[in-house]
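So the structure is just underneath, and the comments pick up after that.
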Amino acid sequence: MFRIRKIFEYNLTIILRIEGDINNANLVSWSEEIEALLKDSKYQFILDGSAISFITPKAVELFTGQLSNNIYLLNFPVNFRNMLHSAGWSGKILE
């Protein structure tokens, strides 16, 4: 099970922490949560993945299909970052 929690908000930037496991059993919830973020396009989102304990390749694949210009990633697991680099989303990874 995973959850997405707001940890910071200032003007048009929101930082959200993703916590827990993102596995094949909760892919629908994962996709819906990301889609809900994208609806509010006036904000810039920074997703903190430092509390992700497990993520399946399918969840990463779904995420890369939904990624948009207003989402940036911070502290994500190496396998997640590698898949994003190979999908051409290197510019979205904050190091």
Side-chain angles (χ1 to χ4, degrees):
M1 193 66 193
F2 75 94
R3 73 179 186 165
I4 300 176
R5 197 168 54 93
K6 185 187 300 184
I7 58 173
F8 181 79
E9 182 175 354
Y10 182 74
N11 288 339
L12 297 177
T13 300
I14 296 175
I15 300 176
L16 302 165
R17 178 171 289 139
I18 302 170
E19 303 170 339
D21 293 347
I22 306 165
N23 54 44
N24 291 337
N26 57 20
L27 285 178
V28 172
S29 297
W30 170 246
S31 182
E32 289 171 352
E33 290 282 336
I34 300 304
E35 189 175 312
L37 287 177
L38 298 175
K39 287 183 180 177
D40 205 348
S41 62
K42 71 177 183 175
Y43 289 101
Q44 170 180 284
F45 294 97
I46 299 174
L47 302 181
D48 177 4
S50 62
I52 294 174
S53 52
F54 177 78
I55 187 163
T56 64
K58 185 66 176 169
V60 177
E61 183 181 324
L62 275 172
F63 183 76
T64 58
Q66 294 177 302
L67 201 55
S68 71
N69 290 330
N70 64 333
I71 294 179
Y72 295 89
L73 309 172
L74 180 68
N75 300 322
F76 271 76
V78 173
N79 64 330
F80 196 110
R81 288 187 310 221
N82 288 343
M83 291 182 77
L84 288 171
H85 284 300
S86 67
W89 290 102
S90 298
K92 295 295 171 185
I93 300 171
L94 304 174
E95 311 246 5

Revision key, fill the gap. Output for pair (Ile4 CD1, Arg17 CZ), nearest 0.5 Å, gives 12.5 Å
Review point. So which heavy atom on Leu73 is nearest to which on Ile71, and how close?
Key: CD2-CG2, 4.1 Å
Practice item. Mind checking the OG-CG spacing from Ser90 to Asn82? Nearest 0.5 Å is all I need. Key: 9.5 Å
Practice item. State the OG1-CG distance between Thr56 and Leu27, to the nearest 0.5 angstrom. Key: 5.0 Å
**Study point:** Separation between CG of Leu74 and CD1 of Ile18, rounded to the nearest 0.5 Å
**Key:** 11.0 Å
Review point. So, for Phe45 and Leu16, which heavy atoms are closest and what is the spacing to 0.1 Å?
Key: CD2-CD1, 3.8 Å
Check your understanding: Hey, any chance Leu12 and Ile15 share a hydrophobic cluster, counting ILVMFWY side chains that come within less than 4.5 Å of each other, even indirectly?
Key -> no
Check your understanding: Just wondering, do Phe76 and Ile55 contact through their side chains at under 4.5 Å, heavy atoms?
Key -> no
Review point. So, Thr64 side chain and Glu61 main chain: donor-acceptor pair closer than 3.5 Å or not?
Key: yes
Review point. Are Phe63 and Leu47 side-chain neighbours, meaning at least one heavy-atom pair lies under 4.5 Å?
Key: yes
**Study point:** Expected output: side-chain Glu19 to main-chain Arg5 donor-acceptor under 3.5 Å
**Key:** no
Check your understanding: Can you name the closest pair of heavy atoms from Gly49 and Pro77 and give their distance?
Key -> O-CD, 4.1 Å
Review point. Taking atom CZ of Arg81 and atom CG of Asn75, what is their separation to the nearest 0.5 Å?
Key: 8.0 Å
Review point. According to a 4.5 Å side-chain heavy-atom criterion applied to Ile, Leu, Val, Met, Phe, Trp and Tyr, with indirect links allowed, do Ile52 and Leu84 form part of one hydrophobic cluster?
Key: yes
Study note, to complete from the structure: Between the CG atom in Leu62 and the CD1 atom in Ile22, the distance rounded to the nearest 0.5 Å is 10.5 Å
Point to revise | Val78 reachable from Leu94 in the ILVMFWY side-chain graph, under 4.5 Å edges | key: no
Point to revise | Path from Ile14 to Ile46 over hydrophobic side-chain contacts below 4.5 Å | key: no
Review point. Who are the ring pair (Phe, Tyr, Trp, His ring centres under 6.0 Å) partners of Phe2, not counting sequence neighbours?
Key: Trp30
Check your understanding: Any side-chain heavy atom of Leu67 within less than 4.5 Å of one from Lys92?
Key -> yes
**Study point:** Which atom of Val60 lies closest to which atom of Phe80, heavy atoms considered
**Key:** CG2-CD1, 3.4 Å
Point to revise | Side-chain donor-acceptor pair present, Asp21, Ser53, cut-off under 3.5 Å | key: yes
